[in-house]
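Note sheet for the following structure.
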Amino acid sequence: MKERSVSDSTAGVPAMPAVSERVRALHAQMTLDEKLAQIVGYWLDQNGVVAPMQSEMAAGQKDAGQLVDVTRHGLGQYTRVYGTRPVDPAERAAWLWEEQRRLKRETRLGIPALVHEECLTGLAAWKAATFPTPLAWGASFDPELVHEMAASIGDSMRELGIHQGLAPVLDVIRDPRWGRVDECIAEDPYVVGVLGTSYVAGLQSAGVHATLKHFVGYSGSRAGRNHAPVSAGPREVADVFLPPFEMALFEGGARSVMNSYAEIDGVPLGSSAEYLTDLLRERWGFDGVVVADYFAVAFLEVMHAIAGDRGEAAAAALVAGIDVELPTGDAYLAPLAERIRAGEFDEAFVDRAVLRALAQKEELGLLDPDAFEDEPPSEIDLDSPRHRDIARRLAEESIVLLSNDGILPLTEPGSASSRIAVIGPNAHRAEALMGCYSFANHVLAHHPGFEIGFEIPTFLEAFEAEAGGSADVVHARGADVEGEDRSGFDEAIAAAAGADVAIVVVGDQAGLFGRGTVGEGNDSETLELPGVQRELVEAVVATGTPVVMIALTGRPYAIGWALDGERRPAAVLQTFFPGEEGAAALSGVLSGRVNPSGRLPVSLPRAAGAQPYTYLHPRLGGASDVTATDPTPVRPFGFGLSYSQVAYGGLVVDAEVTAGGSFAAAVEVANTGTRTVDEVVQLYGRDVAASVTRPVAQLLAFQRVRLAPGQSAKVRFSVPTQRFAFSDRSMTRVVEPGDVEVWVGADAAATEAAGTATARSTLAVTGAVHVLTTADPRQATAEVEASVVASDAASESAGAEVYSGGAGVR
């Protein structure tokens, strides 16, 4: 094979970043080995498989007794010192503080190591709180609560000496067959951007850095297969995949970005200067650090085959703009040093990365003389009442009521005792409540001798506590999450037949790379419930006992049979891995203590064969007379019921706005039911005609509103016309003049005729074409003016199935 020199194709020496005199002076003292040491991580405790091809890539790893040798030239980052195996947090903090002091004392330049950790569903450490998975954040439509959660996670990280969190995931869901759907927020780029930006702002408010993942297009892989090629065109990349990153960088101020494993049109993102440098830095002005996803640099050789060896892979990644190789220095240490010393690669690219890495350490306080001179915390509570309160509220807000024939809520004050059967593989398993990147499912699965380390009641335990002895609760597992074993069916059927109500809890087990049914590497060819769970539900329904089905999953499944079939459960709840307080939240919804307010952040699919699908489709992307297949979801994006009735009316929208300006839209919202309700007001719009095809509906803004019985509110949105921006035929992001329609609906498919949406108002966008800049606003804002009600103590009785957000337009 002909030798390729990556640097030969670059236009001269790379521009150096602007840094402080302290950083520049420190860099000037460095030898090549000391420079390279600052742009790699070291994974001290590789134990179990928590990254792709980890076992193959871990050869030559040294143990803790050899750290003096490993760090003789210094060290850039320590990889997951808390999140690779169960370690006592206080004991580990004491070790880390001493190790940082040793690096200051015994290495020539005395630079501490940056410590990074996973923090997607809470800090990935033993005994740390586990929050709902990101798909549940999306279901909450509550950016303020996501900010509060992230701030609490950041506080825990800072207390433990962790500086950088590898979250949030800003991949836009394109295909629910992809295993990593539970790590994502929504199928709508705006929802992903708003909630992701809130997470970034919350985490970084604690003085740690957030890392945006995975830049870019990772979730668009063919057939939903992990690491598969991405065939997205430049318009899809620009208009779907990039906007969440824009928002998190421009409005959230994120300080770190991680590359995607994927390749787009044959170019791996880890080697793409077009995205990592030309776009991210030169056009967007990002001045933080780009880190490699684990082993992504080496993957340029071993998986993508665009490099002949590790040194060439390192050169390609550095030229592209990856500053720090994680989790270890497989390519950026010896292979790269050899290449530089042979005169085959320009050291200036190393200098660029080192300056950025040192600037990040300076920003985090690691270069301060008094760094780690304080004492480590001796008592650490990573699952405090504050954590649990946030986890509870977020779990409650994320539960989506998909159907209800009036059976829910199950109990009312003073009701007679009843017999309730709790059935299903996820009814009595704490692991079923947590996502793929929770410590329990990510790490403890490899350490079965350790307890989870914090209180996390199963659904059965929480429901029994909720019932408080007023119901006789019996339990039968019925089946496992996976497999064909039906031996438990008879017990489950008998339990249901002898009960007044049967609750069947089905769904997923999160895991990685074949361990579990959803999670990284656990992609699916089908969207049927795993194993024989559908058969179990149908067998219980056949007893004639009213059934409440709870789908406790990490992805949306094709459960139209349970929603619209002839012999269907009386009610169906959808929850996406709701975390440590999830079982109590579900029990509260069943009892009526909690009025469900979650909304689907992703369309509920009709079938796997209809994928990929998104509500953001042009006219020919939906059902039509020119195809025999119907991609219409069984429940649309934004859908969710409640135990109350909410009416919309009086939509007023500005008649005209200049392209590049903002317009006002106001709507009246009234709680006409007898229960306090949290309503997610959703403002939609569409281009009547544009220079390229546009979606038939697009979420422009949303706002949670709490309404007491009889209370009304006026919600006023201020919407930048940039919400209608798209890439025109020259691939310029623009807002075009012309007419747009605007309406408020209960979900993305709501219509005025069905009584689930307001009448559409036409808004004229005038003036010249507006070209988007980095300074343009990208988020809508809202103000809520609520009426005063005489009392919030109105009687709260059960309601039949209604659209919370459109039982009729008044």
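A quick note: this is a predicted structure, and the numbers were derived from the prediction, not measured.
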_Side chains of Ser231 and Arg222, heavy atoms from C-beta outward: is any pair under 4.5 Å?_
yes

*Would you name the heavy atoms of Ala320 and Thr277 that are closest together and state the gap between them?*
O-OG1, 2.6 Å

_Using 30° and 60° as the class boundaries, would you call the ring planes of Phe299 and Phe295 parallel, tilted or perpendicular?_
tilted

*asked:* Could you work out, with side-chain contact (heavy atoms from CB on, under 4.5 Å) as the rule, every residue matching Ala151, not counting sequence neighbours?
replied: Ser205, Arg386

*Determine whether the side chains of Asp330 and Thr328 contain a donor N or O and an acceptor N or O closer than 3.5 Å.*
yes

*State which residues pass side-chain contact (heavy atoms from CB on, under 4.5 Å) with Ala292; sequence neighbours excluded, sorted by chain then number.*
Asn259, Ala296, Val297, Ile322

_Could you work out, with side-chain hydrogen bond (donor to acceptor under 3.5 Å, both in side chains) as the rule, every residue matching Asp374, not counting sequence neighbours?_
Trp97

*Report the C-alpha separation of Ser152 and Phe131 in whole Å, then their side-chain angles, then the decisive distance to 0.1 Å, and conclude whether the side chain to side chain contact (heavy atoms under 4.5 Å, CB included) test is met.*
CA-CA 11 Å; Ser152 74; Phe131 295 95; 3.6 Å; yes

*Can you see which heavy atom on Val237 is nearest to which on Ala232, and at what distance?*
CG2-CB, 3.9 Å

*With a 4.5 Å limit on heavy-atom distance, are the side chains of Ile111 and Leu366 in contact?*
no

_Trace of the side chain to side chain donor-acceptor pair (under 3.5 Å) decision for Gln360 with His209_ = CA-CA 9 Å; Gln360 182 186 29; His209 284 180; 3.2 Å; yes

*Identify whether the distance between the nearest side-chain nitrogen and carboxylate oxygen of Arg72 and Asp69 falls below 4.0 Å.*
yes

*For Arg101, enumerate each residue passing the salt bridge (charged side-chain N to carboxylate O under 4.0 Å, His left out) test, keeping only those at least two apart in sequence or located in another chain.*
Glu375

*Under the salt bridge (charged side-chain N to carboxylate O under 4.0 Å, His left out) test, which residues partner Glu274, sequence neighbours left out?*
none

_Holding to side-chain hydrogen bond (donor to acceptor under 3.5 Å, both in side chains), I want the full list of residues that pass it with Thr774, two or more places apart in sequence or in another chain._
none

*Mind checking what makes side-chain contact (heavy atoms from CB on, under 4.5 Å) contact with Ile380, not counting sequence neighbours?*
Pro89, Ala90, Ala93, Glu159, Leu160, Pro377, Leu382

*Considering residues, nucleotides and ligands other than Asp278, do more than 12 of their heavy atoms fall under 6.0 Å from its CG?*
yes

*So Trp178 and Tyr218, would you call those rings parallel, tilted or perpendicular, with 30° and 60° as cut-offs?*
perpendicular

_For Glu246, salt bridge (charged side-chain N to carboxylate O under 4.0 Å, His left out) partners two or more places apart_ = Arg733, Arg778

*Evaluate the criterion side chain to side chain contact (heavy atoms under 4.5 Å, CB included) for residue pair Met434 and Phe577; output intermediate values, then yes/no.*
CA-CA 5 Å; Met434 296 177 283; Phe577 294 143; 5.8 Å; no

*Taking the side chain as every heavy atom from C-beta outward, state whether Thr197 and Phe250 have any atom pair closer than 4.5 Å.*
no

*Below 4.5 Å, heavy atoms only, C-beta onward: do Arg80 and Asp45 meet side chain to side chain?*
no

*So which heavy atom on His442 is nearest to which on Cys436, and how close?*
ND1-O, 3.2 Å

*In Å, rounded to the nearest 0.5 Å, how long is the span from CD of Glu118 to CZ of Phe439?*
12.0 Å

*What distance do Asp182 atom CG and Thr133 atom OG1 have between them, rounded to the nearest 0.5 Å?*
3.5 Å

*Below 4.5 Å, heavy atoms only, C-beta onward: do Glu117 and Val208 meet side chain to side chain?*
no

*Between the main-chain N or O of Gly76 and the side-chain N or O of Lys361, is there a donor-acceptor pair closer than 3.5 Å?*
yes

*Decide yes or no on side chain to side chain contact (heavy atoms under 4.5 Å, CB included) for Val169 and His214, but give the supporting numbers first.*
CA-CA 6 Å; Val169 171; His214 305 87; 4.1 Å; yes

*Would you find more than 12 non-hydrogen atoms of other residues, nucleotides or ligands less than 6.0 Å from Glu338 atom CD?*
no

*With His116 via side-chain hydrogen bond (donor to acceptor under 3.5 Å, both in side chains) - residues at least two apart*: Gln77, Tyr294

*Using salt bridge (charged side-chain N to carboxylate O under 4.0 Å, His left out) as the criterion, list what pairs up with Arg108, not counting sequence neighbours.*
Glu34

*Hey, can you tell me if Phe372 and His163 have their rings parallel, tilted or perpendicular (30° and 60° cut-offs)?*
perpendicular

*Could you tell me whether the side chain of Lys213 reaches within less than 4.5 Å of the side chain of Leu120, counting heavy atoms only?*
no

*Is it true that a side-chain atom of Arg92 and a backbone atom of Pro86 form a donor plus acceptor pair closer than 3.5 Å?*
no

*Would you give the length of the straight line joining atom OG1 of Thr121 to atom CD1 of Ile153, rounded to the nearest 0.5 angstrom?*
7.5 Å

*Could you tell me whether Asp368 and Arg22 have a side-chain N and a carboxylate O separated by less than 4.0 Å?*
yes

_Spatial distance of atom CD (Gln164) from atom OG1 (Thr211) [nearest 0.5 Å]_ = 3.5 Å

*Cationic tip of Arg85 within the cone over Phe450's six-membered ring, i.e. under 6.0 Å and within 45° of the normal?*
no

*Does the side chain of His73 reach to within under 4.5 Å of the side chain of Leu36, using non-hydrogen atoms?*
no

_Exactly one of Leu44, Leu103, Leu75 should register a side chain to side chain contact (heavy atoms under 4.5 Å, CB included) with Leu67. Which one does?_
Leu44

*Begin from the C-alpha positions of Tyr332 and Val324 and carry the test side chain to side chain contact (heavy atoms under 4.5 Å, CB included) through to its verdict.*
CA-CA 8 Å; Tyr332 277 15; Val324 179; 6.0 Å; no

_Working to the nearest 0.5 angstrom, can you tell me the gap between Arg158 CZ and Leu364 CG?_
6.5 Å

*Could you check if a side-chain atom of Glu263 sits within less than 4.5 angstrom of a side-chain atom of Met303, using non-hydrogen atoms only?*
no

*Pairing residues for His147 by the side-chain contact (heavy atoms from CB on, under 4.5 Å) criterion, not counting sequence neighbours*: Ser198, Ala201

*With sequence neighbours left out, write down each residue that passes side-chain hydrogen bond (donor to acceptor under 3.5 Å, both in side chains) with Glu99, or none if nothing qualifies.*
Tyr78, Arg102

*For His304 and Ser271, test the side chains for any donor-to-acceptor distance below 3.5 angstrom and give the result as yes or no.*
no

*Closest non-hydrogen atom pair between Cys119 and Leu203, with its separation*: SG-CD2, 4.2 Å

*Salt bridge present between Glu373 and Lys104 (N-O < 4.0 angstrom)*: yes

*asked:* Any carboxylate oxygen within less than 4.0 angstrom of a Lys/Arg side-chain nitrogen, looking at Asp33 and Arg341?
replied: yes

*Specify the closest pair of heavy atoms between Asp323 and Ile39, including all atoms of both residues, with the distance to one decimal.*
O-CB, 3.2 Å

*Do you know the tightest heavy-atom contact between Leu326 and Thr79?*
CD2-OG1, 4.5 Å

